[in-house]
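For ligands, and for the atoms within them, numbers begin at 1 and follow the listed sequence.
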Amino acid sequence: MRALVTGAAGFIGSTLVDRLLSEGHQVAGVDNLHSGDAANLDLARGGEAARSGRFTLVRIDIGNPDFVDVVAGFNPDVVFHLAAQVDLRRSVVDPFFDARTNVLGTINVCEASRRAGVRRIVYASSAESWYGAPHHLQEEEEECSSPAPRSPYAAAKLAGEFYLGAYADMYGLTPISLALADVYGPRQDPRGRPGAIAFVGGALADGRPTEAGGDGTAVRDYVYVDDVVDAFVRAGQAPVSLTGSYVIASGRSTTIAEVHRLLAFSPQIPDPSGFAEPFADDPHLPYSDIGRARRDLGWVPVVDLVEGIRRTAQWLRALPEPVSPADPVVGCPVGEEARSAS
Ligand SMILES: NC(=O)c1ccc[n+]([C@@H]2O[C@H](COP(=O)([O-])OP(=O)(O)OC[C@H]3O[C@@H](n4cnc5c(N)ncnc54)[C@H](O)[C@@H]3O)[C@@H](O)[C@H]2O)c1
């Protein structure tokens, strides 16, 4: 397949690029390197795929009008759309910045795909946009049918799903949106806080207080990056008749206390120093309705939390530099931040 991956230099995007290349596909990566790291693509750029012309990286903003020509020039079978402003707190402080990439950028991806004759877009949406979905474990959930975004980021991600739906109706595109739970694994930036495991693991590896956890009972659904990438690949290769939204999660709720315990057990990480302040925006909700993805995509998560955390800790430990938090708003409750920003 000819696959165009937006957000190719990011945590999930670069892992998807590596997987697609390992299966022999032709891949064009697109990224403006806003939060991504070109080093994530070292394997792709330094290997046989790049030498034989199977991989190219285009540095461009997805909102740039020229992006349309990039898509047309590559002529992909599938567009995997992962480029996004991913910082929920930034979306609160500057919702316009967030919407420029996450809404307008996504519209440009829709337009570019339509004009290039691409029907299948696989879109990285967020389970955070679907708080209204059932929170308890259900094997055969029918739909994630209750949109309930609670941040500009979640609203923008949902808007992306709705635009894709509109383009499906108007132009016959067959998009698949994957509403991702808390994805974790190697290459996730441990300096911000989009990912609790990377953030807590990075802090522990560095001997800093974790600033996460509160009383340790906050619950999330953590899904390993390789499993998520597997869902993208399956969605990209699914029959063109298949379209809609799917929750991609582990189906298991895990407390932050358990995450600390597992990180502490992993040989690469020293003992945790305990809990400090909770994430004020912690959803405390698991998203477990993965029955549809299993039924329609044949997808099941296979990496359990113990193994996933072991691999993540190994990667964190091998980072050349100590992990210093780069985000000045870390630890600031969303509500306070929103008030001080207004
Ligand atoms: N990591 C998670 O837990 C999680 C959960 C739900 C949804 N998602 C979604 O998955 C996708 C990938 O997330 P990630 O965790 O890999 O984040 P990431 O920040 O590592 O990757 C996002 C990539 O998009 C690029 N990008 C940002 N704005 C861009 C623009 N305007 N033009 C071109 N490129 C741009 C960044 O440079 C980065 O490489 C995002 O769409 C995110 O919303 C992630």
L33 heavy atoms within 4.0 Å reach ligand 1 at atoms 37 (O)
Looking only at N/O atoms, are V30 and ligand 1 under 3.5 Å apart anywhere?
no
Please could you name the atoms of ligand 1 that Y153 approaches to less than 4.0 Å, counting only its heavy atoms?
7 (C), 8 (N), 42 (C), 43 (O)
Is G63 in contact with ligand 1, taking contact as a heavy-atom separation below 4.0 Å?
no
Does even one non-hydrogen atom of A181 get within less than 4.0 Å of ligand 1?
yes
Ignoring hydrogens, just give me the one of A8, S125, A154, A124 whose non-hydrogen atom is nearest atom 7 (C) of ligand 1.
S125
For V183, take its heavy atoms, then give the atoms of ligand 1 lying under 4.0 Å from any of them.
1 (N), 2 (C), 3 (O), 4 (C)
What atoms of ligand 1 come within less than 4.0 Å of a heavy atom belonging to H34?
27 (C), 37 (O)
Regarding Q85 and S91, do their side chains bring together a donor and an acceptor under 3.5 Å, going by distance alone?
no
So is there a nitrogen or oxygen of I62 less than 3.5 Å from a nitrogen or oxygen in ligand 1?
yes
Quick one: do the N102 and Y153 side chains pair a donor with an acceptor below 3.5 Å?
no
Please work out which of L180, N32, L16, I248 has its closest non-hydrogen atom nearest to atom 30 (C) of ligand 1.
N32
Could you pull out, from G10, A83, S35, A84, the option with a heavy atom nearest to atom 27 (C) of ligand 1?
A84
Applying side-chain contact (heavy atoms from CB on, under 4.5 Å) between L297 and each of D230, L178, V233, I290, report the one that passes.
L178
Any side-chain donor near an acceptor of the partner, E258 and T254, under 3.5 Å
no
State whether a side-chain donor-acceptor pair under 3.5 Å links Y167 with E111.
yes
Counting only heavy atoms not in Y163, do more than 12 fall under 6.0 Å of its OH?
no
Can you name the atoms of ligand 1, numbered from 1 with element, that are less than 4.0 Å from a heavy atom of T101?
28 (N), 31 (N)
As a test of understanding, state which of I197, L305, T312 forms a side-chain contact (heavy atoms from CB on, under 4.5 Å) with L262.
L305
Under 3.5 Å, is there a donor-acceptor pair between the S253 and D221 side chains?
no
Could you tell me which atoms of ligand 1, counted from 1 in the order shown, lie closer than 4.0 angstrom to a heavy atom of G36?
36 (C), 37 (O), 38 (C), 39 (O)
Would you kindly specify which portion of V86 sits under 4.0 Å from ligand 1, judged on non-hydrogen atoms: side chain, backbone, both or neither?
side chain
Check the pair R234 / D296 against salt bridge (Lys or Arg N to Asp or Glu O under 4.0 Å), numbers first and verdict last.
CA-CA 10 Å; R234 285 172 185 272; D296 292 355; over 6 Å; no
Ligand-side contact atoms (ligand 1) for residue partner K157, heavy atom cut-off under 4.0 Å:
40 (C), 41 (O), 42 (C), 43 (O)
Numbering as shown, the atoms of ligand 1 that approach I60 to under 4.0 Å (heavy-atom distance):
32 (N), 33 (C)
Using the ring of each side chain (for Trp, its six-membered ring), is Y184 parallel, tilted or perpendicular to Y222, with breaks at 30° and 60°?
perpendicular
